[in-house]
Peer 1: 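Got a structure for you, written out below as structure tokens; questions coming shortly.
In the text below, chain A, chain B and the rest are named by the order of the sequence lines, each starting its count at 1.
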Protein chains: 2
Amino acid sequence: MNNMIYVAIVEDDTEIRESLSMIIDSTPGYSCKQVFSNAEDAVAQLSQEDPDVVLMDIELPGISGIAAVSKLKPVLPDTDFIMLTVRDDDSTVFDAICAGATGYMLKNTPPNILLQAIDEVQVGGSPMSRSIARKVLASFQKPEPNPLSERETEILRHLCEGHNYRVIADKLFVSGHTVRTHIKNIYQKLHVSSRAEAVRRAIEDRIV
Amino acid sequence: MNNMIYVAIVEDDTEIRESLSMIIDSTPGYSCKQVFSNAEDAVAQLSQEDPDVVLMDIELPGISGIAAVSKLKPVLPDTDFIMLTVRDDDSTVFDAICAGATGYMLKNTPPNILLQAIDEVQVGGSPMSRSIARKVLASFQKPEPNPLSERETEILRHLCEGHNYRVIADKLFVSGHTVRTHIKNIYQKLHVSSRAEAVRRAIEDRIV
DNA sequence: GAGGCAATGCCTCATTTGGGGTAGTTGGGA
DNA sequence: TCCCAACTACCCCAAATGAGGCATTGCCTC
């Protein structure tokens, strides 16, 4: 019984909740340790227990599943949280991931795939529904090519490091005047008018 | 034959290459359109063709598979690239993803899973080996909690927007002096000494 | 050969910024 | 009760910055 996988469920829809717990309990090697119908109860009680995996609904009455994970993950670092959701819109996906979710499945996922997902997190994976995985990878892809010349890009990199005119000039073996001119051109091309904005664009869009 | 999936392979190891192409060709519904033993040939010839999926080795003689994807993806936006690699170290994974890869599989993946991966990208997914998926999600998780007070965090957010003392002061209904004091404290706590560095830390670590 | 762009260098000027202080109030924790 | 952190406000000053110009040298394209 040492290789039994203990699962907890947080889900407000009674039908789904009971159906999930039944499926898990009836599968050899899996045990549904606890079920909660809201995040508050889960946060309060789950920190005492130590489930291997928590299936966490996102759309809950009261505090959301994402907030619950934020609270629980720090006290249960070895527990893997798999989010369940009906929607796969960008912001919730990324919020959940940032909160510490290890997997992210859509609710229409067939039970056998969900069980696979539970296995998957147990062996160090991160199961994601198709559309989620695609979104996550897409978020890494650079939006648009950078309009800056090579030299300007180099200087922008230095700006991100917090270097000032003088330092950049020294490092690039050009005069401070030149650096200033480049920076002015960078601002124009990026449609910004300060270091702060330029650094932000640099990090959020391309170089870093 | 309309639902035939055309695959191209770029792989320098002859044995693996031929084994892969054989597996693909012998599977109904899949056709191995072309094979290349290096990225240069692939880049030169593949832009004419239009494979559905390209299996791209990363470790290639000459230019790497990652650079090849960077070049090919812009001209073949509808083609999905699945990277194949023996290593799963962080930097190459993220470089490949940024270059435009849609999937990322380890080379020791069994052939049937690889075929599944090809299917997966075709239906809008992003197949990743276990360890890769985990790394990708882990990269989203916030490093450490922010040491700033609520007010300071608020001001840092404004700094990221490129606002200056005056503007921030107006928005928060406090004097410019106060804003300056807060910013000085922010710099101390973050161990930085300029807006640029503060903005960078803000984006890379927490808020934004 | 003309025109354009990238890279380089220079000037001036008003503003912003960062570093150094000091200090009052408030609310909560020891 | 006392102290501290957070928030507020103010002072001075040197340095950095952004905005506005102008000019030269290559290189590339039309």
Peer 1: To the nearest Å, how far apart are Ile186(B) CD1 and dA6(D) C1'?
Peer 2: 12 Å

Peer 1: Tell me the interatomic distance from Tyr187(A), atom OH, to dG20(D), atom C1', rounded to whole angstroms.
Peer 2: 16 Å

Peer 1: The side chain of Ser175(B) is closest to which nucleotide in this list: dC10(D), dT16(C), dC7(D)?
Peer 2: dC10(D)

Peer 1: Among dT17(D), dC7(D), dG19(C), which nucleotide sits nearest the side chain of Ser149(B)?
Peer 2: dC7(D)

Peer 1: Rounded to the Å, how far apart are Ile183(B) CD1 and dC7(D) P?
Peer 2: 14 Å

Peer 1: A quick test of your reading: do over 12 heavy atoms of other residues, nucleotides or ligands sit less than 6.0 Å from CD of Glu49(B)?
Peer 2: yes

Peer 1: Is it true that the NZ or CZ of Arg195(B) lies under 6.0 Å from the centre of Tyr165(B)'s six-membered ring and within 45 degrees of the ring axis?
Peer 2: yes

Peer 1: Measuring from the side chain of Lys184(B) (C-beta onward, heavy atoms only), which nucleotide among dT17(D), dC11(D), dC10(C) has the closest atom?
Peer 2: dC11(D)

Peer 1: Output yes when at least one side-chain N/O atom of His182(B) is less than 4.0 Å from OP1 or OP2 of dT8(D), else no.
Peer 2: yes

Peer 1: Between dA16(D) atom P and Arg195(A) atom CZ, what is the distance in whole Å?
Peer 2: 10 Å

Peer 1: For Gln141(B), does the CD atom sit with more than 12 other heavy atoms under 6.0 Å from it, leaving out its own atoms?
Peer 2: yes

Peer 1: For Tyr165(B) and dT17(C), is the shortest distance between a side-chain N/O and OP1 or OP2 below 4.0 Å?
Peer 2: no

Peer 1: If you check every side-chain atom of Val174(B), which of dA9(D), dG18(D), dT17(C) has the closest atom?
Peer 2: dA9(D)

Peer 1: Could you check Lys189(B) against Asn164(A) and say which one's nearest nucleotide on DNA chain D is further toward the 5' end?
Peer 2: Lys189(B)

Peer 1: Would you indicate what Thr181(B) reaches in the nucleic acid, counting non-hydrogen atoms under 4.0 angstrom: base, sugar-phosphate, or nothing?
Peer 2: base

Peer 1: Report the distance from atom CD of Gln188(B) to atom P of dA6(D), rounded to the nearest whole Å.
Peer 2: 12 Å

Peer 1: Out of dT8(C), dC11(C), dA16(D), which has the shortest distance to the side chain of His177(A)?
Peer 2: dC11(C)

Peer 1: According to salt bridge (Lys or Arg N to Asp or Glu O under 4.0 Å), does anything in residues 50-77 of chain A pair up with another residue at least two apart or in another chain? List the pairs.
Peer 2: Asp57(A)-Lys107(A), Glu59(A)-Arg87(A)

Peer 1: Nearest to the side chain of Arg166(B), heavy atoms from C-beta on, is which of dA16(D), dA6(C), dT16(C)?
Peer 2: dT16(C)

Peer 1: With a 3.5 Å cut-off and heavy atoms only, can you find an N or O donor on one side and an acceptor on the other between the side chain of Thr178(B) and the base of dC10(D)?
Peer 2: no

Peer 1: Whole angstroms only, please: what is the NE2-P distance between His158(A) and dT17(D)?
Peer 2: 14 Å

Peer 1: Between dC4(D) atom C1' and Asn185(B) atom CG, what is the distance in whole Å?
Peer 2: 14 Å

Peer 1: Which is it for Phe140(A) and Phe140(B) under the ring pair (Phe, Tyr, Trp, His ring centres under 6.0 Å) test, yes or no, and what are the steps along the way?
Peer 2: CA-CA 11 Å; Phe140(A) 282 92; Phe140(B) 282 93; 5.7 Å; yes

Peer 1: Considering only dT8(D), dT8(C), dG18(D), which nucleotide approaches the side chain of Arg151(B) most closely?
Peer 2: dT8(D)

Peer 1: Would you call Arg151(B) and Glu154(B) a salt bridge, using N to O less than 4.0 angstrom?
Peer 2: yes

Peer 1: Let's see if you can work this out: which of dA6(D), dG19(C), dA9(D) has an atom nearest to the side-chain heavy atoms of Ser193(B)?
Peer 2: dG19(C)

Peer 1: Tell me: CG of Leu190(A) to C1' of dG18(D), nearest whole Å?
Peer 2: 15 Å

Peer 1: From the list dT17(D), dT17(C), dA6(C), which nucleotide is the closest neighbour of the side chain of Arg180(A)?
Peer 2: dT17(D)

